[in-house]
> 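Take this structure, written in structure tokens, and hold onto it; I'll ask about it next.
Just follow the structure's listing: the first ligand is 1, and inside any ligand the first atom is 1. All figures in this text were calculated on a predicted structure; none of them were measured in a lab. Heavy-atom basis, side chains included; hydrogens, waters and symmetry copies ignored.
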Amino acid sequence: MSECTHNCDTCSAGCASKEVNIEKLKLGKGSKIKKIIGVSSGKGGVGKSFVTSLIASGLQKKGYKVGILDADILGPSIPKSFGVLDKNVLATDNGLMIPKETRTGIKIISSNLMLENDTEPIIYRGALISGLLQQFYQEVDWGELDFLFIDMPPGTGDVPLTTYQSIPIDKVIIVSSPQSLVSMIVSKSINMADKMDIDILGIVENMSYVVCPNCDNKIEIFGKSNIDEVADENDTIVLAKLPMRVEYSKMVDEGMVEDIDISELDSTIDMLVRLVK
Ligand SMILES: Nc1ncnc2c1ncn2[C@@H]1O[C@H](COP(=O)(O)OP(=O)(O)OP(=O)(O)O)[C@@H](O)[C@H]1O
Ligand SMILES: [Mg+2]
């Protein structure tokens, strides 16, 4: 294929970025969001939901108004990690869904809130999933927010594509973990965002090392990380390197993610604050 000139009007290639010109969705009446931040990864289980929850909590604790849209329709995990167990999503008089609030007041919406039983699977095909995702953006009474985080399912499939095409995302945070193939996996996510003309804030490397609960020694179980080189190669930056700690996963499991104190994300949080100042 010839080199992209970024002028879709004169180009005959049928690439995904062409569809960027699809009109973006509008928020429901009364909702206003200053910045929308997507959190994405090329591969599952690297800690997208964990990182989303920590950054959202950090901003909420600083006094910003924050929401999380759990776009992982088939594998929703946000409500549970915040201990939001009440499933009764009510509607406003205008028929908009009222998001649930966490203990510190983060507004969340998730397909998990629509299921009476947590172990019930959502058996939806792509089009229905994308439709629900769009409803979670448009038909929710988000009110006035400084930040809306979109916790995406892994990979570069239907939902990330619909999200990038239809929601006016301001920045994307890529989450990765230090394993082999990381370069290829991270580059894929970055290339997808690039093709869709979405700005990347940077990469958070999660599970960068393990901290021994007995002696506090750092153990690089996946070997030496090469995330700095990967970031360089992709013209982006490493925002943070987060340790893997037994107490973190315990707190997530107990629905206490808001109580995790993690200074490694302070500079990322400051960077986001500067976007709304
Ligand atoms: N730094 C960490 N220390 C300890 N446990 C962690 C850490 N990061 C994530 N975990 C745990 O690892 C598991 C996977 O994390 P998480 O659900 O955030 O990943 P994900 O990328 O959102 O996964 P999926 O692709 O399935 O959505 C969770 O149980 C989470 O609590
Ligand atoms: Mg997740």
> Regarding ligand 1, does Ser49 bring an N or O atom to under 3.5 Å of one of the ligand's N or O atoms?
yes
> Would you give the length of the straight line joining atom CG of Leu201 to atom CG of Asp199, rounded to the nearest 0.5 angstrom?
9.0 Å
> Tell me whether Lys65 is salt-bridged to Asp146, with the criterion being a basic N under 4.0 Å from an acidic carboxylate O.
no
> Judged by modelled atom types alone, do Gln134 and Gln138 share a side-chain donor-acceptor pair under 3.5 Å?
no
> Taking only heavy atoms of Met207 into account, list the atoms of ligand 1 that are under 4.0 Å away from them.
8 (N), 9 (C), 10 (N), 12 (O)
> Closest approach of Ser31 and Trp142, non-hydrogen atoms and distance?
OG-N, 3.1 Å
> Kindly compute the distance separating CG (Leu275) from NZ (Lys277), expressed to the nearest 0.5 Å.
11.5 Å
> Between the side chains of Thr104 and Glu258, does any donor sit under 3.5 Å from an acceptor?
yes
> Identify the closest protein heavy atom to atom 29 (O) of ligand 1: which residue and atom is it, and at what distance?
Asp253 OD1, 4.6 Å
> Among all protein heavy atoms, pick the one closest to atom 11 (C) of ligand 1 and tell me residue, atom and distance.
Ser249 CB, 4.4 Å
> Between Lys80 and Asp70 (salt bridge meaning N to carboxylate O under 4.0 Å), is one present in this structure?
no
> May I ask you to determine how many protein N/O/S atoms are under 2.8 Å from the Mg ion (ligand 2)?
1
> Any protein heavy atom at under 4.0 Å, with atom 7 (C) of ligand 1 as the reference point?
yes
> Taking Asp270 first and then Lys62, would you say they form a salt bridge - that is, a charged N and a carboxylate O separated by under 4.0 Å?
yes
> Among Glu264, Glu247, Glu205, Arg245, whose heavy atom sits nearest atom 4 (C) of ligand 1?
Arg245
> To check your reading of the model: name the closest protein heavy atom to atom 30 (C) of ligand 1, its residue, and the distance in Å.
Val252 CG1, 4.6 Å
> So is Pro243 close enough to ligand 1, meaning a heavy atom under 4.0 angstrom away?
yes
> Tell me which protein heavy atom sits closest to atom 15 (O) of ligand 1, plus the residue, atom name and distance to 0.1 Å.
Gly47 CA, 3.7 Å
> Which ILVMFWY residues can you reach from Leu90 by hopping between side chains whose heavy atoms are under 4.5 Å apart?
Ile98
> Aromatic rings Tyr64 and Phe147: how do their planes relate, parallel, tilted or perpendicular, breaks at 30° and 60°?
perpendicular
> Looking only at distance, does Gly45 have an N or O less than 3.5 Å from an N or O of ligand 1?
yes
> Contact between Asn206 and ligand 1, counting heavy atoms under 4.0 Å?
yes
> With a 4.0 Å cut-off on heavy atoms, is Ser41 touching ligand 1?
no
> Quick test: of every protein heavy atom, which one is nearest to atom 18 (O) of ligand 1, and how far off is it to 0.1 Å?
Phe50 N, 2.9 Å
> Could Asp141 and Lys107 be called an ion pair, given the rule that one side-chain N must be under 4.0 Å from one carboxylate O?
no
> Between the main-chain N or O of Ile78 and the side-chain N or O of Ser49, is there a donor-acceptor pair closer than 3.5 Å?
no
